[in-house]
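To keep things clear, I will list the structure first and then write my remarks on it.
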Protein chains: 2
Amino acid sequence: MLNDPMVLTPVADAIRVEPEKRIRDRSATEKAILKAAKSLLAEEGFQNFGVNAVARRAGCDKQLIYRYYGGLNGLVEAIGADLGTWVKDRIPEDTGGMFLLTYGDLMERLSLLFLEALRDDPLVRRIVAWEVSENTEQVRRLSEARSKALANWLDRMRGSLTPPKGVDVVAVNAILIAAIQHLVLSASAGGQCAGLALKTPKDWEKAATALKRIVRGVYG
Amino acid sequence: MLNDPMVLTPVADAIRVEPEKRIRDRSATEKAILKAAKSLLAEEGFQNFGVNAVARRAGCDKQLIYRYYGGLNGLVEAIGADLGTWVKDRIPEDTGGMFLLTYGDLMERLSLLFLEALRDDPLVRRIVAWEVSENTEQVRRLSEARSKALANWLDRMRGSLTPPKGVDVVAVNAILIAAIQHLVLSASAGGQCAGLALKTPKDWEKAATALKRIVRGVYG
DNA sequence: GGGCACTGTCACCGTTCGGCGACATGACGC
DNA sequence: GCGTCATGTCGCCGAACGGTGACAGTGCCC
């Protein structure tokens, strides 16, 4: 019965919305797989991220993931490679026409830029959530790619501005970045963080104001 | 073949290392299940948290989880109920003999207390990681229990100290809490956060110093 | 003693997962 | 025409999962 084409064919037709057969184009298929993986990770999170799910979304057979990427690990690595261009695409290089006179000016602006960029990018949000939830080889590579890109960006934006003496800028900035990341993650997951609602634009204005106040408090 | 007792019996005998039968004590079994669930969640994380795993660790049949807790959801709810006593057990109520003269004194102390408490509690760490990774009914209830306990604690510790005027303390404190939580989570997962190593006690001293500086910057 | 509720155990179901071998079909060189 | 290789597809495997019905042993109450 299961092998009766008279029974299965209509079902297959109903499922296969695209009756056209997949064209034989490896690079296109590779791109489709990578795109499917990124969108799947962005929309569903790392929980249901697997070979089967990616293949389903890409509309191809999972075997191709093994052939072209060597499995999920290779695919994740490809995502990480893409990630290196994240900051470049998301955050403007210039200072928006304003002169940054002090390190405090710079960090205030960068904090808000980073906050907005993270709010707008579900993929990186999921990756950050992944980073604090697991410690597998996959997430380690993603994390490394992301932190490298972030460090490069910070370095480039700093320009010739010198940080204030007597303050551990690496530690302070790490805490600021941690705060922003956790704020956005909490908001994305539950719409609030430690009693602070984070849903409406008004909520986010309050958060941004508080963040500015904190940055100004420490960097003047 | 599968139902042939001659084949299956020796295998079962080999697996059962403890020939002693489980004593018939419902409340003890319930406690064992709850303890197993908490330790499993703390050690393995929410990724592999399921009925089978809990039952395995508790050394009982998973059916009992359904009978006594109504499934995983009820078990998670029981964990959440336990969670209400977290702060009380973990963080000293008094101020350690020091007089807190200002709101800044208070928040500096609370920040460091919260940081240490979170560093010492793997279960709550996993729950926080869970909170920013999923938005299911399970994690929502856990999150609610935790945030309520946290709010109560903050309120109790505040005492009669009045926060400074003109600053959104809810937002600022939410950001501080977010920073601490993310810092500890990142450290626990990867041993660093945004380029700041978080492994040795010396690393943590630097982080604590930076945190104090930030709190002092915003609260004086 | 005879029911009866409670506790614990087991086997089984349907589903999904990661992974792989085998096969069909197109494209291209000779 | 023919072989050869790359590309895409199919079906299977073993394992683990959540969930459930049926059964065995125990102790208590009538």
Side-chain angles (χ1 to χ4, degrees), chain A residues 1-5 7-9 11-13 15-16 18-33 36-37 40 44-76 136-138, chain B residues 1-33 36-37 40 44-76 136-138:
Chain A
M1 187 177 77
L2 278 177
N3 291 328
D4 186 353
V7 175
L8 241 56
T9 306
V11 178
D13 283 348
I15 291 178
R16 180 189 302 275
E18 300 251 355
E20 45 176 344
K21 307 214 61 157
R22 174 162 289 277
I23 52 172
R24 300 166 73 83
D25 182 342
R26 167 159 181 168
S27 77
T29 304
E30 282 182 357
K31 283 176 193 161
I33 291 174
L40 179 71
E44 307 285 336
F46 58 94
Q47 289 279 65
N48 295 22
F49 186 72
V51 205
N52 292 292
V54 171
R56 261 196 305 273
R57 177 167 290 225
C60 71
D61 196 277
K62 58 181 172 180
Q63 175 74 17
L64 302 183
I65 297 178
Y66 290 101
R67 281 222 198 108
Y68 298 156
Y69 290 96
L72 254 199
N73 287 344
L75 187 51
V76 167
T136 63
E137 189 61 29
Q138 292 179 2
Chain B
M1 185 176 80
L2 277 176
N3 291 327
D4 186 352
M6 303 296 281
V7 175
L8 245 53
T9 306
V11 177
D13 283 348
I15 289 179
R16 181 187 302 277
V17 282
E18 297 253 354
E20 49 177 342
K21 306 214 61 156
R22 172 164 288 276
I23 52 173
R24 300 165 68 83
D25 183 343
R26 167 160 181 167
S27 76
T29 304
E30 283 181 357
K31 283 175 193 162
I33 291 174
L40 179 71
E44 306 285 335
F46 57 94
Q47 289 280 60
N48 295 31
F49 186 72
V51 208
N52 292 293
V54 172
R56 258 197 308 272
R57 177 167 291 224
C60 72
D61 196 277
K62 59 181 171 180
Q63 174 76 17
L64 302 182
I65 297 178
Y66 290 100
R67 278 226 268 270
Y68 298 155
Y69 291 96
L72 253 199
N73 286 345
L75 186 53
V76 167
T136 63
E137 189 61 28
Q138 292 180 1

What string of B, S and - do you get for nucleotides 17-22 of chain C 5' to 3' if you count protein non-hydrogen atoms under 4.0 Å? SBBBBB
Nearest heavy atoms of A/Ala53 and A/Asn48, plus distance in Å: CB-O, 3.6 Å
Rounded to whole Å, the CD-C1' distance (A/Glu44 to C/dT16) equals 15 Å
Nearest heavy-atom contact between A/Tyr69 and A/Leu75 is CB-N, 3.8 Å
Which pair of non-hydrogen atoms, one from B/Val76 and one from B/Gln138, has the smallest distance, and what is that distance? CG1-O, 3.7 Å
Interatomic distance, B/Tyr69 OH vs C/dT7 P [rounded to whole Å]: 13 Å
Rounded distance in Å - CD (B/Gln47) to P (D/dC17): 13 Å
Distance-only donor-acceptor test, A/Arg24 side-chain atoms vs C/dG26 base atoms, 3.5 Å: yes
To the nearest Å, how far apart are B/Ile65 CD1 and D/dT20 P? 13 Å
Can you tell me the distance, in whole Å, between the OH atom of B/Tyr68 and the C1' atom of C/dA5? 12 Å
Distance (rounded to the nearest 0.5 Å) between A/Lys62 NZ and A/Ile33 CD1: 13.0 Å
N/O (side chain, A/Thr29) to phosphate O (OP1/OP2, D/dG8) under 4.0 Å: yes
How many angstroms lie between CZ in B/Arg67 and CG in B/Asp61, if you round to the nearest 0.5 Å? 8.5 Å
Table of protein N/O atoms under 3.5 Å from nucleotides 3-5 of chain D N/O atoms:
none

Spacing of B/Leu64 atom CG relative to D/dA24 atom P, expressed in whole Å: 17 Å
Minimum heavy-atom separation for A/Leu72 and A/Gly50, please, with both atom names. CD1-CA, 3.8 Å
Using the salt bridge (charged side-chain N to carboxylate O under 4.0 Å, His left out) criterion, which residues pair with A/Arg56? Sequence neighbours excluded. none
In short, A/Ala32 meets A/Ala58 closest at the heavy-atom pair O-CB, 4.0 Å
Calculate the interatomic distance between A/Glu30 atom CD and D/dT7 atom C1'; express it in whole Å. 11 Å
